[in-house]
Amino acid sequence: MPATPLPQLPELAGLCSYEEASRTALSLDDCVVWLKRMHYVWKRLHQIFTSHITAEPNYELKMAFSLHAHLCAEHAQSIRTRVSEMREPPLGLDVVPHAGLQRTCDEVLCAPSTAERIHGLYAVLLPLLNESLTQYLAKTNRLADAPSVRLLRFAQLELADMLAFGEQTVVALDSANTVQGRWVSLLHNSVANAGGISGREPVTPDEQLPQYSAQPFEYDRVPKRDARFQDSFNAGVNPEAFLYDPEFSPRDKTLMMFYKRLREIDVPEMMASILVEMPQKPWGFKRDMTRQLWDEARHAMLGEVGFRQAGIDWTQIPISFIWSYNLNTQLTAQERHAVLFFIEQGLMPKTGKRYEWEVGKASGNPLAALFQDFDWADEVLHAQIGREWYVKDFGDLNGAMAYGDKCWSKVLSHWREYIENGLTEHRNWWPDIYQQACRNWGVEPDPRALAYHETYETIRADLKSISGSA
Ligand SMILES: [Fe+2]
Ligand SMILES: [Fe+2]
């Protein structure tokens, strides 16, 4: 007996209506052209965010740029994969689709102030991209082109998050009122000159000269922080020596681990410099390194949340930027990558990330344990990324490690000079913070922990004696 059809079931696997499956407005070639143009904008957004992580002083923006760079890289990647399924080798994904799109992106990249950059990113480029995705979804055949529809729908979820962040930021900076209307219209005109992101809208004449992108972009590799970060050259407390000392309790050590996590804000500051200063690297390198960059920004926020949970105002603690500052100003991009790999690889043995997780578990603070558990997993991924994109160029692991060690040893850390030059007094911030935490925990401080005053003075900036960031 043939089964009886059920007319009440949704048609077409629930994917779309018959009407949406009958659209013929976009051929496969039209879709490829449009997707490539969206890909170009995602890629440029990734570049703009990355280029401003290091010198953006505002902590929230530095973190959001790290996340948004990662999201843009992931969505660029999904379009690359999709285009490769559409009878399209050679892919031509490095071709600039239109000079007008290029100009708009260049202008936002080169915008000299945070307010202009924020406005260009969140009030112009991202909304235009979102609009383009919406139009694509409204025009394409949702059955025949279902794989593109799927990835663009995912992209819209994250675009909505980015736009929500941007909307609040635009209000906070009052950029709608402070950014020159003439410049904003230049951004819109250049996109309109390209026929919109899709290239399918009426093309308007190119009327305005470039304002900021007439000069090539200059990357600022010196890390900047906002006013909550004080005493950035302070190396007056050595958290590693405390962490590895069996004398101290796991509970007390969670504070040093939160400090180490928060201090990782210097890793995105440094990694962004590698991405910006090695533009010739293949796309896969950029995508993977940006994932790692975002993970490190996330690790910094784990530290922030840890302190919050312990009832500590972290802004009382000097969060050093010595690592990113020294690497960015003393080493080449390739040398920085070698140091990063050397440090990441050093975190893998039993004394590294596993140990931190064990301390977290033994501490009685489930949040510390959970954070270290995920942190450890991320670091395993980062060691893999290093093997893929750094060791392979070297040929062998030993040579790659030796080079990383050599580069790291080359970095000069001027502990005494920082005092002599009035940059810091290397104030011992630990006892205050520790006492506050003990009060919040309702316990008496351990006198030995309270008396802890190991600094970085006698220990050179070398993993042989201490752990670096990352
Ligand atoms: Fe890492
Ligand atoms: Fe990390």
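Just so you know, ligand 1 is whichever comes first in the structure, and atom 1 is the first atom listed for that ligand.
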Aromatic ring proximity, centroids under 6.0 angstrom, W314 and Y59: yes

Pair W430 + F242: ring centers closer than 6.0 Å: yes

Which atom of [X] approaches the Fe ion (ligand 1) most closely (N/O/S):
| X | result |
| --- | --- |
| E296 | OE2 |
| E379 | OE1 |
| H382 | ND1 |

Salt-bridge criterion met for K260 and E264 (N-O under 4.0 Å): no

side-chain hydrogen bond (donor to acceptor under 3.5 Å, both in side chains) involving N440 - partner list, sequence neighbours excluded: none

Partners meeting side-chain hydrogen bond (donor to acceptor under 3.5 Å, both in side chains) with Y325 (sequence neighbours left out): none

Whether E344 has an N, O or S atom under 2.8 Å from the Fe ion (ligand 1): yes

E264 atom OE1 and H299 atom ND1 as seen from the Fe ion (ligand 2), angle to 10 degrees: 100°

